[in-house]
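What follows is a set of notes on a single structure, which appears directly below.
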Protein chains: 2
Amino acid sequence: MTHDVLFQKFVAFTAAVHEVTHELTRGVKNEDVTPVQYKILEYMMVSQPVTPSEIADCADLSLPNTSRELRKLIEKGLCEKATDDADRRRQLFRLSADGQAMMGRIFGQAQQGFEERVAGLTETELQELEQALELLQKKVFR
Amino acid sequence: MTHDVLFQKFVAFTAAVHEVTHELTRGVKNEDVTPVQYKILEYMMVSQPVTPSEIADCADLSLPNTSRELRKLIEKGLCEKATDDADRRRQLFRLSADGQAMMGRIFGQAQQGFEERVAGLTETELQELEQALELLQKKVFR
DNA sequence: CCCTTTACTTATCTTTTGATAACTAAAAGG
DNA sequence: CCTTTTAGTTATCAAAAGATAAGTAAAGGG
């Protein structure tokens with residue numbers, strides 16, 4: 001196994017991951033959010049509350065554009081804003097009840113699709129799966 | 001290990017994959033192509049020649065928009081067009097020499113970044129890595 | 001205090017991407 | 001042949017996303 005061949009497999013693998021995640025999150029297009037807005041909401045889902053700076057960093061957006069999209073998300077009633085008491089320059093954003101509900105719907109559909117994908121696997125295979133996931137995350141995708 | 005927990009790990013994993021691939025292909029922004037155009041070129045890289053219909057399917061674009069982006073890529077000298085002799089409605093697109101060179105640069109940088117990521121691993125670990133990659137691709141990302 | 005830095009916002013403009021209607025030309029099927 | 005289907009193109013418009021300049025307000029550091 002040369003490094004070249006391993007890299008080929010790596011490329012094929014990442015392409016497959018992108019395709020499958022795209023497939024699993026196709027529920028997003030039923031909701032009234034743009035791809036960039038979804039990315040922001042997804043980030044809030046795993047790490048709440050977040051500041052505009054954190055979002056800009058992680059979603060690869062400029063601060064002005066982040067600010068604009070957050071305003072739109074507030075207008076849509078999907079997230080809420082509060083000033084940080086410890087540092088009043090910082091603004092803390094979190095999902096609103098509606099936002100939580102929407103993300104719950106999307107994640108639920110994704111989970112269902114995931115379950116269907118692994119439905120045929122035995123308990124042993126699921127454990128192997130989990131170990132493979134953790135191995136890759138620890139050694140490559142960190 | 002409930003299915004719920006496995007799904008949580010799956011979500012974290014796919015997020016990590018997206019982040020790392022984004023990091024590895026950051027060389028794209030040095031080149032004069034938009035994200036959508038890059039996606040098309042990447043597809044040509046693995047499957048040449050391709051028709052507009054195939055690209056539209058796989059890159060999730062409408063045929064008119066695919067046609068427009070292909071025209072731009074031709075104008076930039078990154079790909080070439082030829083009519084299929086067997087069916088003269090079909091147009092066959094392939095990377096030009098310049099296009100090959102550009103994608104070679106980008107993939108080369110990505111491979112270098114990948115090598116750096118796995119640099120500290122032993123031969124045994126690399127084999128485990130390969131097996132994990134293949135396991136996941138076979139059982140989940142297909 | 002005053003000055004600088006940090007965090008964010010507003011406004012504006014450009015580019016990219018998405019959607020749709022209308023068209024051309026070749027193939028396929030009676 | 002003639003009609004329908006398939007493959008792709010052109011044109012146009014709207015929405016989304018990116019870039020940048022200029023501003024506000026709070027914090028931090030002499």
Side-chain angles (χ1 to χ4, degrees), chain A residues 18 22 25-44 47-76 78-94 102, chain B residues 18 22 25-44 47-76 78-94 102:
Chain A
H18 278 86
H22 180 260
T25 59
R26 74 189 185 291
V28 175
K29 70 177 184 338
N30 298 328
E31 311 284 347
D32 178 31
V33 285
T34 69
V36 168
Q37 286 164 10
Y38 174 72
K39 204 172 171 186
I40 293 175
L41 295 174
E42 202 176 49
Y43 182 43
M44 284 185 194
S47 150
Q48 264 182 97
V50 288
T51 65
S53 300
E54 288 164 354
I55 295 169
D57 262 9
C58 137
D60 220 39
L61 287 168
S62 71
L63 211 38
N65 292 337
T66 303
S67 191
R68 175 186 59 201
E69 297 309 320
L70 285 169
R71 180 176 46 73
K72 289 181 184 170
L73 286 172
I74 288 175
E75 284 166 6
K76 291 177 184 182
L78 297 171
C79 73
E80 293 164 345
K81 175 180 173 176
T83 301
D84 182 354
D85 284 330
D87 180 345
R88 295 176 45 71
R89 289 171 305 182
R90 285 163 46 96
Q91 303 299 314
L92 304 176
F93 289 82
R94 41 174 58 81
M102 192 195 90
Chain B
H18 278 87
H22 180 260
T25 59
R26 76 190 183 291
V28 175
K29 71 178 183 339
N30 298 326
E31 310 285 347
D32 179 30
V33 285
T34 69
V36 170
Q37 285 164 10
Y38 174 71
K39 203 171 171 188
I40 293 175
L41 294 174
E42 202 176 50
Y43 183 44
M44 285 186 194
S47 150
Q48 265 182 100
V50 287
T51 66
S53 300
E54 287 165 353
I55 295 169
D57 263 8
C58 136
D60 220 39
L61 287 167
S62 69
L63 211 38
N65 292 337
T66 303
S67 191
R68 175 186 61 202
E69 297 309 318
L70 284 169
R71 179 175 47 73
K72 289 182 185 170
L73 287 172
I74 288 175
E75 284 166 5
K76 291 177 184 182
L78 296 171
C79 74
E80 293 165 345
K81 176 181 174 176
T83 300
D84 182 355
D85 283 331
D87 180 344
R88 295 175 46 68
R89 288 170 304 183
R90 285 163 44 96
Q91 303 297 314
L92 304 176
F93 289 82
R94 40 173 60 82
M102 192 195 90

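Computed from heavy atoms alone, side chains included, the values below leave out hydrogens, waters and symmetry copies. So you know, we letter chains A, B, ... as the sequences are listed, proteins then strands, and number each from 1. This one's a predicted model, so the numbers in the text were calculated from it and none came from an experiment.
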What is the separation between atom CG on B/Leu63 and atom C1' on D/dT5, rounded to the nearest whole Å?
14 Å
Would you indicate which nucleotide in C/dT16, C/dT10, D/dA17 comes nearest to any side-chain atom of A/Pro35?
D/dA17
Rounded to the nearest angstrom, tell me the gap between atom CZ in A/Arg90 and atom P in D/dA27.
12 Å
Choosing from D/dT12, D/dA17, D/dT9, which nucleotide comes nearest the side chain of B/Arg68?
D/dT12
Applying side chain to side chain contact (heavy atoms under 4.5 Å, CB included) to A/His22 and B/Asp60, what does each step give before you reach the verdict?
CA-CA 10 Å; A/His22 180 260; B/Asp60 220 39; 3.5 Å; yes
Before you tell me yes or no, could you show the steps for B/Glu54 and B/Tyr43 under side chain to side chain contact (heavy atoms under 4.5 Å, CB included), namely the whole-Å CA-CA distance, both residues' side-chain angles and the distance that decides it to 0.1 Å?
CA-CA 10 Å; B/Glu54 287 165 353; B/Tyr43 183 44; 3.9 Å; yes
A/Ser62 has a side chain; which of C/dT20, D/dT20, D/dA16 sits nearest to it?
D/dT20
How long is the line joining CG of A/Asp85 and C1' of D/dA27, in whole Å?
15 Å
Which part of the nucleic acid, if any, lies within contact of B/Lys39, taking any heavy atom under 4.0 Å across all strands shown: a base, the sugar-phosphate backbone alone, or nothing?
nothing
For B/Leu61 and C/dT17, give me the distance from atom CG to atom C1', rounded to whole Å.
9 Å
Students often get this wrong, so: under 4.0 angstrom with heavy atoms, is B/Thr66 touching a base, only sugar-phosphate, or nothing?
nothing
Using whole Å, what does the distance between atom P of nucleotide C/dT16 and atom OH of B/Tyr38 come to?
18 Å
Please report the closest heavy-atom contact between A/Pro52 and A/Thr66, naming both atoms and the distance.
O-CG2, 3.7 Å
Identify whether the distance between the nearest side-chain nitrogen and carboxylate oxygen of A/Glu69 and A/Lys72 falls below 4.0 Å.
yes
Among C/dA7, C/dT17, D/dT9, the one nearest B/Val36 by side-chain distance
C/dT17
Please classify the nucleic acid contact of B/Pro64 as base, sugar-phosphate, or nothing, using heavy-atom distances under 4.0 Å.
base
Check this one for me: any side-chain N or O of A/Thr34 less than 4.0 Å away from OP1 or OP2 of D/dA15?
no
Over how many whole Å does the gap from A/Asn65 atom CG to D/dT20 atom C1' extend?
10 Å
Flag if over 12 foreign heavy atoms under 6.0 Å of CG, B/Asn30
yes
Atom CG of A/Leu92 and atom P of C/dA7 are separated, to the nearest Å, by 13 Å
Closest-nucleotide mapping onto DNA chain D: is A/Ala86 or B/Leu70 further toward the 5' terminus? I mean the 5' end.
B/Leu70
What I want to check is whether an N or O donor and acceptor connect the side chain of A/Arg89 with the base of D/dG28 at under 3.5 Å.
no
Select base, sugar-phosphate, or nothing to describe what B/Lys29 touches, counting heavy atoms under 4.0 Å on all strands.
nothing
Among D/dT9, C/dG18, C/dT10, which nucleotide sits nearest the side chain of B/Lys81?
D/dT9
One should read off an interatomic distance between A/Asp84 CG and A/Thr51 OG1, to the nearest 0.5 angstrom, of 9.0 Å
Please confirm whether any donor atom in the side chain of B/Asp87 sits under 3.5 Å from an acceptor in the base of C/dA26, or the reverse.
no
For atom CZ of A/Arg88 and atom P of C/dT6, their distance in whole Å:
20 Å
